[in-house]
Amino acid sequence: MSKFIFVFGGVISGVGKGVTTASLGKMFKSYGFKTTLIKIDPYLNFDAGTLRPTEHGEVWVTEDGGEIDQDLGTYERFMNENIPKQNNITSGQIYKTVIDNERSGNYLGKTVQFIPHIPQEIIRRIKLASDGYEVTIVEVGGTVGDYENTPFLFAAKALEQEFGKTSVAHVLVSYLPVPYHISEMKTKPTQQAVRLLRQEGLVPDFIVCRTAHPIDEERKQKIQMYAHISPEHIIAAPDVSSIYEVPLNFERDAFGKKMIKRLELAPKKEPDWKVWQKQVNAIIKPGKKIRVAIVGKYLDTGAYKLHDSYVSIEQALMHASAFSDHGCEITWLDAKTFEQNPEALKQLNGFEGVIIPGGFGKSGVEGKIEVISYLRKHNIPFLGICYGMQLAVVEFARNVAKLTDAHTSEVEQNTPYPVIDLLPMQKELLKQNDFGGTMRLGGYSALLKSGTKVDALYQTKDRFVTDTATGEKKVFERHRHRYEVHPDYVTQLEQAGIVFSGYHKRADGTCLMEYVELPDHPFFVATQAHPEFKSRLANPNPIFVGFTNACYKRLCNVKQSTQSTAQFCAQPKADQVSC
Ligand code: GLN
């Protein structure tokens, strides 16, 4: 049977519960325990698939096709393993199951009630996800005191009741503000959060204190006094420059060992943090920095700019750069600005590379196409992801293959050349307004054309899986889209010079284009997939490594030709491009 750790948030949202949960998971894995992580989202949506990115950040896609809250992405990036969609539990799923059960007569005529039926369904799902694991860490979304949190807190207490205190531990991640007009760290909101948790019968075993600066002894004592918790169980979590430092900081406080002891376990091995520390150092103390622009559209929320919509791309760039020992500075550009002002395209020369990420709908599309055209003509490294690939195909069709007014039918249904289009199955789904969970979702295989850039990149990281039935070597990336390159245009576009370097073969024989590239360009690669979902700190994605290395090469070339700094690029490391 698994041991359980519940992670709750106090005071405000966005306090770092996800990173705390991922770090605890990484620690338990490093001590030799088979560990899994669960995210609970108290919203009524069935999953995150229909949530607007500016409202809730990026939608994370699991290998088995789940559309999930982005915290699951943090878990995978720390744990370096796939986490299935059953590890995300939403209130929507819980209520739907209970009502479906009631309609099917499964409650045998009983009155179906909030207590016990809702917590029972929560517990059933937690147990299902924890099956086969020694340690299960459950992050409860939201903040203690939220109305919608209640059934999950009740379930945590019920699980503690069932398995006993030695099998269930609780962590409160709390925030200690320093109001600028008094310049003093305040513990009162944390005291209130502890009280709210106690009202549900839950006593925190550990309090993780999120602060701008390290917490001092006086503050620790106050929390200790009000929360009746020993000072060793108050864990400091000051702001850090990289989230990947958090498990290292926790280890300095012996958080892992203390939690193992609290659960009456014994470490199965001594962790070795050397490799992790080296990777973190590469992030926080990078060598030369490449400058990458991401031209997106999900950036504005009211008066704020939000990058959460593209968090996995940001992380994948960081992993790839750290792997090759250089840094990466990201600039966010709004695609719409290029539609109003074509002169703005010149600013793209100031970057070593540009990414056009995924997206939906019409807005910003012509701006993105202008950007892609500029990058193609000016030999600036380009990586297109999902919509970014579809628009690269549209750009090439219009401007090189001379298919005037070619478009994606997502934007222009009457285009004479729908080079990107819906396949018949998707047309049926849209006719029925069936939007939830019906895109091409999750991991799909691709066969790569030998001799292409994409093939060479996957060779370097040996990401191939051999199909036992056919003996073919395939690569797998995750997907989330409805539209595809129209199979009827593939030959015509290839004759004009674009290379489709990989495709997915469906059971009915249809080939879906997965990668495109331009052979005579320093780096013009785009993919229908989302390679950012398969990038981990310990295992960066080859497409991103290829892109950042091409950016690094451009940085060296530009510097060498414009400055007398022939030595600008130091001796390349084993995995680095030489320049
Ligand atoms: N809107 C496009 C489609 O549905 C691309 C989606 C994406 O970029 N994730 O096919």
Side-chain angles (χ1 to χ4, degrees), residues 47-54 56-63 65-68 70 73 294-299 308-314 316 335 354-369 371-372 382-395 397 406-413 415 418-431 433-444 446 477-487 489 503-504 506 510 512-516 525-535 541 543:
D47 61 29
T50 53
L51 287 167
R52 196 185 314 129
T54 45
H56 200 76
E58 169 191 272
V59 177
W60 173 258
V61 180
T62 58
E63 196 68 15
E67 294 175 285
I68 314 279
Q70 54 175 302
I294 300 182
V295 182
K297 65 171 190 171
Y298 303 115
L299 295 168
D308 261 17
S309 323
Y310 305 108
V311 64
S312 292
I313 295 182
E314 204 175 2
V354 178
I355 293 182
I356 305 280
F360 294 84
K362 192 177 170 146
S363 99
V365 156
E366 288 305 324
K368 288 182 182 179
I369 293 174
V371 168
I372 295 168
F382 159 69
L383 173 59
I385 294 174
C386 205
Y387 214 12
M389 167 175 136
Q390 296 175 353
L391 298 178
V393 171
V394 169
E395 193 279 327
H407 220 321
T408 160
S409 58
E410 178 170 356
V411 176
E412 180 51 69
Q413 299 208 344
T415 168
V419 287
I420 308 295
D421 203 1
L422 287 174
L423 295 183
M425 195 177 81
Q426 281 293 340
K427 282 189 184 153
E428 272 314 302
L429 289 168
L430 290 195
K431 247 192 240 160
N433 276 349
D434 193 356
F435 288 105
T438 56
M439 284 188 250
R440 180 149 83 104
L441 288 169
Y444 280 86
E477 297 289 359
R478 297 182 191 171
H479 291 66
R480 184 172 185 258
H481 60 102
R482 283 186 204 284
Y483 292 79
E484 307 282 352
V485 174
H486 197 312
Y489 291 97
Y503 61 90
H504 171 73
R506 285 199 331 191
T510 318
L512 307 177
M513 295 306 118
E514 293 284 0
Y515 298 91
V516 292
V525 171
T527 171
Q528 187 58 79
H530 286 273
E532 68 274 21
F533 293 142
K534 296 259 285 257
S535 175
N541 186 283
I543 294 290

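Note that ligands are numbered from 1 as they come in the structure, with each ligand's atoms numbered from 1 the same way. Residues: numbered from 1 along the sequence shown.
- Between the CZ atom in Arg480 and the CD1 atom in Ile385 there is a gap of 14.0 Å [rounded to 0.5 Å].
- Listed by chain and number, the residues in a salt bridge (charged side-chain N to carboxylate O under 4.0 Å, His left out) with Glu412 amount to none (sequence neighbours excluded).
- The salt bridge (charged side-chain N to carboxylate O under 4.0 Å, His left out) test applied to Arg440 returns Glu484, Glu514, not counting sequence neighbours.
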(request) Show the numbers, then the answer: is there a side chain to side chain donor-acceptor pair (under 3.5 Å) between Ser312 and Glu58? (result) CA-CA 8 Å; Ser312 292; Glu58 169 191 272; 2.5 Å; yes
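- Using a distance-only test at 3.5 Å, with no hydrogens or angles considered, no donor-acceptor pair links the side chain of Asp47 to the main chain of Ile68.
- Residues satisfying the side chain to side chain donor-acceptor pair (under 3.5 Å) criterion with His530, sequence neighbours excluded, are Glu532.
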Check: every ligand 1 N/O to protein N/O pair under 3.5 Å:
| from | atom 1 | to | atom 2 | distance (Å) |
| --- | --- | --- | --- | --- |
| ligand 1 | 1 (N) | Gly359 | O | 2.9 |
| ligand 1 | 1 (N) | Glu410 | OE1 | 2.7 |
| ligand 1 | 1 (N) | Glu410 | OE2 | 3.0 |
| ligand 1 | 4 (O) | Arg482 | N | 3.0 |
| ligand 1 | 8 (O) | Gly359 | N | 2.9 |
| ligand 1 | 8 (O) | Gly359 | O | 3.4 |
| ligand 1 | 8 (O) | Tyr387 | N | 3.1 |
| ligand 1 | 9 (N) | Arg480 | O | 2.8 |
| ligand 1 | 9 (N) | His530 | NE2 | 3.2 |
| ligand 1 | 10 (O) | Gln390 | NE2 | 3.1 |
| ligand 1 | 10 (O) | Arg482 | N | 3.1 |
| ligand 1 | 10 (O) | Tyr483 | N | 2.8 |

